[in-house]
Number of protein chains: 2
Amino acid sequence: MSQRKDGIEKRRLLLASACQVFAEKGYRAASVADICRRAGANVAAVNYYFGDKATLYAEAWQEAYGKYVGAELSEAEGLAPEEQLRLYVHFLIRNFTEQGSQGEFTRLYLMELANPTGLISDLWHKLIEPRRQILLNIIKKIMGATSSNEEVLFCEISIINQCRSLLTIRRSDLEYLMGQPLSPALIKRLADHIAGFSLAGIKAVAEKRSR
Amino acid sequence: MSQRKDGIEKRRLLLASACQVFAEKGYRAASVADICRRAGANVAAVNYYFGDKATLYAEAWQEAYGKYVGAELSEAEGLAPEEQLRLYVHFLIRNFTEQGSQGEFTRLYLMELANPTGLISDLWHKLIEPRRQILLNIIKKIMGATSSNEEVLFCEISIINQCRSLLTIRRSDLEYLMGQPLSPALIKRLADHIAGFSLAGIKAVAEKRSR
DNA sequence: ATAAAAATTAAATGCCCGTTTAAGATAAAA
DNA sequence: TTTTATCTTAAACGGGCATTTAATTTTTAT
């Protein structure tokens, strides 16, 4: 007998719930019971439909990636690389600032960076590497043709890590550091800052070599 | 009757072991059993000497801070702020790159940032805030007198987060990103990069305002 | 309607962990 | 040496968790 109609729906609910919970708490802190509760299912549902928590995690990644519109980035192809960098940073930060399922993939990604599980190393290449190449290419274009590989990688690390932190840090800690509540306007100013700060950083690295 | 001589020694061993394990794994991932094993003690030893894991964690922070020589930073007072920034970044990175107990405090600090426990919020002010002020002052000096508060804070966040990541990321992931094994020389080049990248970032923020 | 597969459920299982307990061993003070 | 407090130890406890089980209910196909 084939899969039942209500079964397909429950599986879908579980996957959506898993995306939410994993994106909010990360793999370890997310509990199977919590995921099931949000999906209105019994604790055994995850194991019935997915086998185990690890497999559900991997499927949640793929699901979140499906909903994730990375196209937005390649749209910017005609622009100057400096402007592309600005858009990239804003895109990263806006993604995990947003509430709905839109930012889930970015949150999953950054959660995995903060507390690696090693469960999605195969997906990593497939999903992350293309996105990574976009940033690397932008950096290369800004730096010029003679940029060394290491210089580009160092700049990538600098940029990614400035953005990463905004997720992994507790909201209250960031508000403490900033001395004010986090408004959307403040987030936007911070994104602008990171873009400008990084652009100058890249150019300085390039100039330092040419001297 | 007063504390026994062997008891004092065992307590000392436990504290040293706790510093190691907490610095390596963070609060959650560190297990009491592991800490006791390294100290050559029974599992009950932590509770006997410290009451519970949370208290041990707080004491480990203070212990690690005691061994931490922050004086190195204030030595640099006569230097140009650009050079002070370079030293600050190198100091941060070298600290948690180093093997022994030297880097433990920095590792504890960054682990807490990555996965906050909220257990040391009182120590936070006492221990972190002075060190934070050093960096803020360096940034202010580089930016000039008319720097806005927000600009300085944004730059602080940019710099701290570039350094933070080197701890929270898995060694193998960083090696994957870099495409080569992490040698001390590479770490040093990366520290140089972050210092130069950030210096340019700060100056760009200052100049953008003055325009 | 009936049979078979699919899905749901509560309860149980087993693991890891921090913590407690209670008895025994050890060192210090008398 | 004897006493007393300090320390050590193995075992047990209890909570949280992922996972399994086995019985029951619900849907689907014949």
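Just so it is clear: chains get the letters A, B, ... in the order the sequence lines come, proteins before strands, and each one is counted from 1. Note that this is a predicted model, so its numbers are computed, not measured.
Using a 4.5 Å heavy-atom threshold, the side chains of A/Ile202 and A/Ile159 count as touching. Looking at heavy atoms from C-beta onward, A/Met178 lies in side-chain contact with B/Phe154 at the 4.5 angstrom threshold. Residues B/Leu119 and B/Trp61 have side chains not in contact (no heavy-atom distance under 4.5 Å, counting atoms from C-beta outward). Side-chain atoms of B/His193 and A/Leu153, non-hydrogen and from C-beta on, never get closer than 4.5 Å to each other. At least one side-chain heavy atom of A/Glu112 sits less than 4.5 Å from a side-chain heavy atom of A/Trp124. Taking the side chain as every heavy atom from C-beta outward, B/Leu15 and B/Arg12 never approach each other to under 4.5 Å. By the 4.5 Å heavy-atom criterion applied to side chains, B/Glu150 and A/Leu186 are counted as neighbours. Counting heavy atoms from C-beta on, the side chains of B/Val89 and B/Gln162 never come closer than 4.5 Å.
Within a heavy-atom distance below 4.0 Å of DNA chain D, the residues of residues 38-54 of chain B found are B/Asn42, B/Ala44, B/Tyr48, B/Tyr49. For DNA chain D, no neighbouring residue in residues 14-22 of chain A is found when judged by any heavy atom under 4.0 Å.
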Could you write out each protein N or O paired with an N or O of nucleotides 25-30 of chain C at a distance under 3.5 Å?
{"residue": "C/dT26", "atom": "O2", "partner": "B/Arg4", "partner atom": "NH1", "Å": "2.6"}

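Taking atom CD of A/Glu9 as the reference point, atom C1' of C/dT8 lies 16 Å away to the nearest angstrom.
A cation-pi arrangement, defined by a distance under 6.0 Å to the six-membered ring centre and an angle within 45 degrees of its axis, is absent between B/Lys53 and B/Phe22.
The residue B/Ala30 sits close only to the backbone: its heavy atoms come under 4.0 Å of sugar-phosphate atoms, none of a base.
Distance check, rounded to the nearest 0.5 Å: CD1 of B/Ile160 to SG of B/Cys155 gives 12.0 Å.
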